[in-house]
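Here the structure comes first, spelled out in structure tokens, and everything after it is commentary.
Letters go in sequence order (proteins before strands), and every chain restarts at 1.
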Amino acid sequence: MQEGYDPAAIEPAAQQYWAERRAFAAREDPARPKFYCLSMFPYPSGRLHMGHVRNYTIGDVLARYMRMQGHNVLQPMGWDAFGLPAENAAISNRVPPAKWTRENIATMRTQMRALGFAIDWERELATCDPHYYRWNQWLFLRMRERGVAYRTTGVVNWDPVDQTVLANEQVIDGRGWRTGALIEKREIPMYYLNITRYADELLAALDALPGWPERVRVMQANWIGRSEGVEIAFPYAPDARAATGADAALRVFTTRADTLFGATFMAVAAEHPLALAAAKADARLAAFVEECRRGSVMEADVATQEKRGMPTGLHVLHPFTGAALPVWVANYVLMGYGEGAVMGVPAHDERDFEFALKHDLPIVTVVRSASGAYEEVRAPWIAAYAEYGATVNSGEFSGLGFEAAVDAIAAALEAKGLGRKRVHYRLRDWGISRQRYWGCPIPIIHCGACGEVPVPDEQLPVVLPEDLVPDGSGNPLAKTPAFYECRCPKCGGAARRETDTMDTFVDSSWYFLRYACADDERAMVDARVDYWLPTDQYIGGIEHAILHLLYSRFWTRVMRDMGLVKFAEPFTNLLTQGMVLNHIYSHQAPGERKRYFNPEDVDERRAADGSVTYEVDTPEHVTLAVEHEGLGTMSKSKGNGVDPEGIVKRFGADTARLFMMSASPPEQTLEWSGEGVQGAFRQIRRLWSAVYEHVAAGPAPAPAQLNEAQRVLRRLAHRRLAKATDDIGRRRNFNTAIAAMIEVLNAVKLFDDHSPAGRAVRQEALEIVTLVFSPVIPHVCHALWQALGKTRAVIDEPWPLPDPAALEQATHEIVVQVNGKLRGHVVVPVDADEETVRAAALADERVRRFVADKAVRRVIVVPGKLVNVVI
RNA sequence: GCCCCGAUGGCGGAACUGGUAGACGCGCCGGACUCAAAAUCCGGUUCUGGCGACAGAGUGUGGGUUCGAUUCCCUCUCGGGGCACCA
């Protein structure tokens, strides 16, 4: 063993040892409990960032811990390799996306290997590989046969920067999730996956996911957005019948059927058929409709947008009173939700109230307020009453509570054939067509004679040509006849291949299945999937709480319904790791662009009055005062990134891993700290020197009779082992497990006993520390384990068990309080009865001083913990 | 607007089931080693008063329950996140 800790030597040696033995190649073994430890695969953007390192370190610690616990562990890795950054890089560098992507994968794979993750690289996959994406295409065709995938023309979200369509889930605050560009509405034919068919199940099953964070389940539930209500048909009045030429009814959906008698107008979306019919005869209305259809997704307006509207001049009839209600076109009604029409109840809906005020529409109060008083809602001094209450002014339905009123009204409507109870979801079907090149081709051929024809299975995969270089104007596939010119599989005539590709979220919706059988050329999934899946632990960023995790749950259900897999939920336990933050420092010179500086280069100046300023020596050798802007995620634009490779080169992978795992619990944000990294390095070096000094004195003898100090050290080691096991195994709190081991290490460092028994106790303590630390800092522990005289590799050791005998003690300390305040400690035998403990507490000198001559009213004894004397 | 989460020393965090608040680390202070510095090692470090023994205060605010509250309940403040004309 070398005296000095040298990560540059021991880390490659440990990695080589694992690689030579294929130590992490996982094989199916029904005899052992399996543990499928999955981290979200990265997009190969170029280089690993700290977020990746944190994600994969958490997964790796768990994987290595479970392996030592006797599980058959699978920890795979792959690449989410299709996507727009590759195309954008291609446009600026004139390199095909395939080349750019594969080079990035190679770089990032090398970086990951240097971090020493226990990954089964034999199962590696990349979604841009035809061996992978052929199964996207295959399953898409099966979905199409079942009506789960379908093509339709509809209004879509168009990202003008990326020149493609986005799913609703990918539009955030009216902007593209990737580009931040304002989204436009366009009408395009595209393919959809019928995720709404599973809305009810996806929602209900959230309750059966106890291993998921509450937060994520709530977010998914909100996104699915189930609401129970009543669909009501308002028959057309003669004017509406004349305008549309149909004897029909205007359908609305409402969660407040109890307020039906308060409806004084109807509001429809600009795209609603009734609005379009009325606009034909009214130029001003037509202009308004056109305006609404074009602009209304403008993000900045959404919150403040005023309730604008115009009357259609048409009317519908109230289903019970027969009153003629005017139909308005209103900009606050969305065509995409419900029926694209609402009944306007100004007295009991804030939006309707606002609209009625503006357009001078009548307000009719039909719900009593909760206090029981009847308060008429009138403009402008009373606002809409949107709470529940008893109905009034509602004919035969008056005097009912909310539920009774809804039930009675729904039943009466159903009897008339004018309505029924219904459930609505906010969730929309998933549009997957993208007008982009670097993605999985949709396996469809458009034939002038036969229409839409699926590519026959035996012709799959439809291979994406890899040598195209996009120029930034539209989809290069649509400009490549060699790709799109083809023969119709049905009639043999000339046909055109679909040039849209699939949303990359399709690729990531099932990759976790494919790791189980990545080499199967004949089937998408096989029996090995049933062995490994569902994943026991999934680890990734909270940013995927809705998109990826919801799509994957849907996709797995589709495969279940096809009999391809036997489970519905792919991820049993989910851990959403916090982001990695760093300080942001900037300098704003007058008239210049703000400059950002890396925290690494910033010096702290502490003035005599305690105030702190920051300054930086610039590359041009000028000292600038910089401002501390607080913490933010590491980013190029803020200049606060830290390159993992640099940390590994300077300190080694173990230091990077230890810092990340010890600084905060995995779900919380992690503040990067240069001093913290140094501290982690220092701890490893302390561990190294403790083992070095110990083994330099020769082999440790077998344990013998122990004195008190030796028993204390041994007890501490076993106690902290028990705590660390619980912290990692149950609580997933790695930071406290690490703290517990540092405590043991500190005690070993202070333990100055070189007797044979002392050396035996120290040996055991160092073995415990090395074993418990080994999932976190595997390289150095690999070397230390050998140094401690072991022949088996530390990765093959079982997780240690605390020795109950070591934990035993004859006496223990009891806390004594007087009136709830800590006043003393007494040492009593562990088996002392309550009376003895009570007597000992009352006899304590400090306790007696505080009690003095006051009467003791009560003494509370908590066995093994404390005594509280109440005076 | 609605929903969720959070607030603990100079800093990151710990206290798991209502029972010693501040584990562990960082930083800082003092000491040892050194010609010196770095590294390393040892000691101290919630605040206030006191040389000290010790005493008092203290987990965002105000209240409640309890022998006892960082922990449970209510109020408010601040911070973070999610959803948002969703009928």
Side-chain angles (χ1 to χ4, degrees), chain A residues 172-173 213-223 225-227 229 252-256 259 267 296 301-307 330-334 336-345 349-352 354-355 386 424-427 542-543 545-546 581 604 606 610 612 658-659 662-665 667-680 682-683 685-686 689 720 723 726-727 730-731 733 735-743 745-746 749-750 813-825 846 857-862 864-871:
Chain A
I172 295 145
D173 291 336
E214 171 75 15
R215 203 155 66 107
V216 176
R217 285 185 285 159
V218 167
M219 281 165 71
Q220 290 215 351
N222 289 342
W223 188 263
R226 183 180 203 270
S227 56
V252 303
F253 175 75
T254 179
T255 54
R256 291 301 302 271
T259 65
S296 68
D301 305 335
V302 164
T304 51
Q305 205 169 29
E306 61 175 335
K307 305 273 173 290
N331 64 346
Y332 70 95
V333 181
L334 307 175
Y337 188 82
E339 303 292 337
V342 299
M343 62 178 196
V345 185
D349 181 281
E350 278 174 38
R351 292 154 305 174
D352 296 345
E354 200 186 312
F355 192 80
H424 251 291
Y425 296 94
R426 209 185 75 103
L427 186 69
I542 185 75
E543 65 272 21
I546 296 171
L581 309 181
E604 193 180 286
R606 208 175 281 270
V612 177
L658 180 61
F659 169 71
S662 64
S664 67
E667 309 237 49
Q668 276 185 39
T669 55
L670 179 130
E671 284 182 29
W672 189 261
S673 153
E675 289 89 359
V677 175
Q678 302 258 10
R682 191 176 305 139
Q683 294 308 326
R685 207 161 44 186
R686 290 180 75 226
S689 71
R720 292 300 176 264
K723 176 180 166 53
D726 187 51
D727 284 348
R730 180 178 64 88
R731 302 173 66 207
N733 273 8
N735 54 328
T736 50
I738 290 165
M741 285 306 109
I742 292 178
E743 264 189 90
L745 178 59
N746 289 344
K749 286 263 179 186
L750 293 175
E813 199 178 64
I814 299 279
V815 170
V816 187
Q817 299 178 331
V818 177
N819 282 353
K821 291 202 169 172
L822 176 69
R823 294 303 178 194
H825 303 269
R846 268 181 78 201
R857 273 212 229 142
R858 225 175 126 185
V859 179
I860 287 148
V861 179
V862 182
K865 284 242 165 98
L866 96 174
V867 176
N868 189 11
V869 181
V870 186
I871 55 172

Fill in: A:Tyr425: ring-ring contact (aromatic ring centres under 6.0 Å, His included) partners, not counting sequence neighbours
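A:Tyr425 satisfies ring-ring contact (aromatic ring centres under 6.0 Å, His included) with no residue once adjacent residues are dropped.
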
Worksheet entry | Partner set under ring-ring contact (aromatic ring centres under 6.0 Å, His included) for A:Phe253, not counting sequence neighbours |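 Testing A:Phe253 for ring-ring contact (aromatic ring centres under 6.0 Å, His included), a comparison that skips the adjacent residues, returns A:His424.
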
Taking side-chain hydrogen bond (donor to acceptor under 3.5 Å, both in side chains) as the definition, give me every residue that meets it alongside [X], ordered by chain and number, with sequence neighbours left out.
{"X": "A:Gln220", "answer": "A:Arg553"}
{"X": "A:Asp727", "answer": "A:Lys723, A:Arg731, A:Thr736"}
{"X": "A:Lys749", "answer": "A:Ser689"}
{"X": "A:Ser662", "answer": "none"}

Discussion item. Has A:Arg256 got a side-chain atom pairing as donor or acceptor with A:Ala386's backbone, closer than 3.5 angstrom?
Written reply: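 Checking the backbone N and O of A:Ala386 against the side chain of A:Arg256, a donor-acceptor pair under 3.5 Å is found.
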
Would you list the protein and nucleotides 69-72 of chain B atom pairs, both N or O, that sit under 3.5 Å from each other?
none

Worksheet item: Quick one: what's the B/S/- string for nucleotides 39-44 of chain B, heavy-atom cutoff under 4.0 Å, read 5' to 3'?
Response: SSSS--

Worksheet item: Does any residue of residues 816-823 of chain A have a heavy atom under 4.0 Å from RNA chain B, and if so, which ones, in number order?
Response: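 Within residues 816-823 of chain A, the residues near RNA chain B are A:Gln817, A:Lys821, A:Arg823.
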
Practice prompt. For B:G62 versus B:G12, give the span between their P atoms, rounded off to a whole number of Å.
Written response: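 Approximately 22 Å lies between the P atom of B:G62 and that of B:G12.
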
Discussion item. With a 4.0 Å cutoff (strictly under), does any side-chain N or O of A:Arg351 reach OP1 or OP2 of B:C86?
Written reply: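 Affirmative; the distance criterion is met.
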
Worksheet item: With respect to the phosphate group of B:C67, does any side-chain polar atom (N or O) of A:Arg858 fall under 4.0 Å of OP1 or OP2?
Response: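 For B:C67, OP1/OP2 do have a side-chain N/O of A:Arg858 under 4.0 Å.
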
Item to complete: State whether a side-chain donor-acceptor pair under 3.5 Å links A:Asn868 with A:Arg858.
Response: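 No - no donor-acceptor pair under 3.5 Å links their side chains.
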
Discussion item. Please enumerate all residues that pass side chain to side chain contact (heavy atoms under 4.5 Å, CB included) together with A:Ala267, with sequence neighbours excluded.
Written reply: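 Result, side chain to side chain contact (heavy atoms under 4.5 Å, CB included) vs A:Ala267: A:Phe265, A:Ala330, A:Tyr332, A:Val333, A:Val342.
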
Measure distances between side-chain N and O atoms of [X] and base N and O atoms of [N], and say whether any donor-acceptor pair falls under 3.5 Å.
{"X": "A:Arg215", "N": "B:C5", "value": "no"}
{"X": "A:Asn868", "N": "B:C67", "value": "yes"}
{"X": "A:Arg857", "N": "B:C67", "value": "no"}

Worksheet entry | Lys/Arg N to Asp/Glu carboxylate O, A:Arg351 vs A:Glu354, below 4.0 Å |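 No.
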
Interface polar pairs with nucleotides 9-12 of chain B, N/O, under 3.5 angstrom:
{"residue": "B:G12", "atom": "O2'", "partner": "A:Ala663", "partner atom": "O", "Å": "3.1"}

Worksheet, complete the sentence: Symbol by symbol from the 5' end, with Watson-Crick or G-U pairs under 3.5 Å, [ ] crossing and | another strand, RNA chain B is (((((((..(((......[....)))((((((.......))))))((((....))))..(.(((..]....))).))))))))....

Worksheet item: A:Ile546 has a side chain; which of B:C16, B:C67, B:G82 sits nearest to it?
Response: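 Nearest to the side-chain atoms of A:Ile546, counting from C-beta on, is B:G82.
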
